[in-house]
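Each chain gets a letter, A, B and so on, in the order its sequence line appears, and its residues count up from 1.
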Protein chains: 2
Amino acid sequence: MTDTDSSPTLERKRGSGVKMVYDLLRDEILDLALPPGSPIDEVQLAERFKMSRTPIREALVRLAGEGLIDTLPNRSTMVSSIDFLNMHTFFDALVLMYRVTTRLAAQNHRPEDLPVIRGFHEDYAEAIKSGDALAMIATNAAFHAAIAEAGRNPYFTSLFRRLLDEGRRILRLYYQSYEEQFPQRFVDEHAEIIAAITARDLEAADRLGKAHAEQIVQQVQKLFARKNTLDIAL
Amino acid sequence: MTDTDSSPTLERKRGSGVKMVYDLLRDEILDLALPPGSPIDEVQLAERFKMSRTPIREALVRLAGEGLIDTLPNRSTMVSSIDFLNMHTFFDALVLMYRVTTRLAAQNHRPEDLPVIRGFHEDYAEAIKSGDALAMIATNAAFHAAIAEAGRNPYFTSLFRRLLDEGRRILRLYYQSYEEQFPQRFVDEHAEIIAAITARDLEAADRLGKAHAEQIVQQVQKLFARKNTLDIAL
DNA sequence: TGTATTTTATTTGTCGACAAGAAAAATACA
DNA sequence: TGTATTTTTCTTGTCGACAAATAAAATACA
């Protein structure tokens, strides 16, 4: 065995590298393992993943396209910051997309969509019971993403996914600080939403989606206000 | 003067290459100079722009991120097709974004926004008068994009821009075939919308935005139906 | 002649190297 | 000591070349 016989376990399939880097960086950004402002070093990533800078750069270009990282020309690239000043624009868009996707799911869902939605609903209930904040955040997002998929409008779905991603960062920020719990109420509201979708009751789905979204926004704003108060006190 | 003294006029600023390729390809796709299904050849583009494949590829990755081109792994990449079967999802999203952005503009616009909007309004009226279909399409999109900017919600604005882009392809498709004209009515509706925004009348802006969007959708559907009838007749 | 298999050709994905641009550090100078 | 200027360092953007993957062409075989 000579040194030209490189270990075959390290060889990746052609094209899988960018996806791996993209997925992993995305998760690290959304879970705040890479907090806003963290520098992203191409060379470092290339060494970490044992590949050249070319596929790394492609993954970064994709992430920049989704607004998850910011690139200063010829200079550094870093994890994009969370815009607290314009948080209300985020809430506005989130509430509307909750409404629209829930309504469209009531209108356009197919029988095979319901088991998927119910599955995430159960995952969410379990996360609440066990008090696992990270699981609560993730399963809630998955639940609503599944509803959006059932609504079958890719334009709304893609915007909604982007908003849920951003929400994942924001929630993660507060729930790691305060170990707050999502109220049981959210589980009940999810059940009501499923019922409205199943019954194809567009108006109820619309109303419940809006109310549920506003509950969540209110919850986040409560934490937001509390954090500010504490910050001032310190 | 030796051959090492390469002509300085061909040198580009570092980083400007990708933007140039991106902008140009984007325009060619939206104007249907590159119709759906056209193959995109990296080597050919590299020769055309006198640069290596690396910056070309970066531009293509960005275009793919916006759904303007489709990439088959290890194989070809081509201009993405227009999904006629699910056109209604496009119309649904378009109408809602017309409404929302117009309402938000009435709520959040600043004095300096109005001259910009009025400017595009005048450009549009002129395009209608001169019967220039391409200019009509472009200035109409610019007019509504400016309104969306005045609404100051980047989430809505980015989705709306994407929809206007897709609309540019669709309209271009019909208006090159039939030399149809946008009715004068649209100009009047634009004027009403500006008045509602200026007066900060949210309800009127919402209502006019919705009605205007539905007018446009109806116009496109009329052409769509006519085209189908003709296709069947042939 | 029609199908299976091998060979060739073409295009993409990845690599290592180099040069440009900007910040940081070092130096000169008052 | 404080400021202006040069030098160095570090990161990014671009390049040309090569390897893998797939389609097309050529060949073998019934």
>> Checking salt bridge (Lys or Arg N to Asp or Glu O under 4.0 Å) between Asp31(A) and each of Arg168(A), Arg169(A), Arg172(A), which is the one that passes?
In response: Arg168(A)

> For Ser76(A), which contact category applies under a 4.0 Å heavy-atom criterion: base, sugar-phosphate, or nothing?
Replying inline: nothing

> Could you state the NZ-C1' distance from Lys19(B) to dT12(D), rounded to the nearest angstrom?
Replying inline: 19 Å

> Taking for each residue the nucleotide of DNA chain D with the nearest heavy atom, is it Ser16(B) or Arg14(A) whose nucleotide lies nearer the 5' end?
Replying inline: Ser16(B)

>> Students often get this wrong, so: under 4.0 angstrom with heavy atoms, is Glu42(A) touching a base, only sugar-phosphate, or nothing?
In response: sugar-phosphate

>> Base, sugar-phosphate or nothing for Thr71(A)? Non-hydrogen atoms, less than 4.0 Å.
In response: nothing

>> From CG of Leu60(A) over to C1' of dT14(D), roughly how many Å is that when rounded to an integer?
In response: 16 Å

> Closer than 4.0 Å, any side-chain N/O of Thr54(B) to the OP1 or OP2 of dT14(D)?
Replying inline: no

> Relative to the ring of Phe143(B), is the ring of His121(B) parallel (under 30°), tilted (30 to 60°) or perpendicular (over 60°)?
Replying inline: tilted

> Will you find, in the side chains of Arg162(A) and Ser158(B), an N or O donor that is under 3.5 Å from an N or O acceptor?
Replying inline: yes

> Just the dot-bracket of DNA chain C, please: which string comes out with Watson-Crick or G-U pairs under 3.5 Å, [ ] for crossing, | for another strand?
Replying inline: ||||||||||||||||||||||||||||||

>> Return whichever of Arg53(A) or Thr77(B) has its heavy-atom-nearest nucleotide of DNA chain C closer to the 5' end.
In response: Thr77(B)

> If each of Pro55(A) and Asn74(A) is mapped to the nucleotide of DNA chain C with the nearest heavy atom, which maps nearer the 5' terminus, i.e. the 5' end?
Replying inline: Pro55(A)

>> Expressed as a whole number of angstroms, how long is the span from Glu58(A):CD to dG13(C):C1'?
In response: 8 Å

> In Å, rounded to the nearest 0.5 Å, how long is the span from CD of Glu126(B) to OG1 of Thr139(B)?
Replying inline: 9.5 Å

> Does a side-chain N-to-carboxylate-O contact under 4.0 Å join Arg110(A) and Glu149(A)?
Replying inline: no

>> Without decimals, in angstroms, what is the distance between Lys13(A) NZ and dT14(C) P?
In response: 13 Å

> Does a nitrogen or oxygen in the side chain of Arg57(A) sit under 4.0 Å from OP1 or OP2 of dG13(D)?
Replying inline: yes

>> Over 60° means perpendicular and under 30° means parallel, so tell me whether His190(A) and Tyr124(A) are parallel, tilted or perpendicular.
In response: tilted

> How long is the line joining CD1 of Ile56(B) and P of dG16(D), in whole Å?
Replying inline: 12 Å

>> In the structure I gave you, are the side-chain heavy atoms of Asn140(B) and Ile216(B) within less than 4.5 Å of one another anywhere?
In response: yes

> Do Arg75(A) and dG13(D) share a donor-acceptor pair, side chain to base, under 3.5 Å?
Replying inline: no

>> Please report the distance, rounded to the nearest Å, between CE in Met78(A) and P in dA22(C).
In response: 16 Å

> What is the nucleic acid contact for Ile40(A), judged by heavy atoms within less than 4.0 Å: base, sugar-phosphate only, or nothing?
Replying inline: sugar-phosphate

> Roughly, in whole Å, what's the span from NZ in Lys50(A) to P in dT14(C)?
Replying inline: 17 Å

> Looking at side-chain heavy atoms only, is the closest gap between Tyr155(B) and Leu159(B) below 4.5 Å?
Replying inline: no

> Please give, in whole Å, the distance from dT14(D) P to Met20(B) CE?
Replying inline: 12 Å

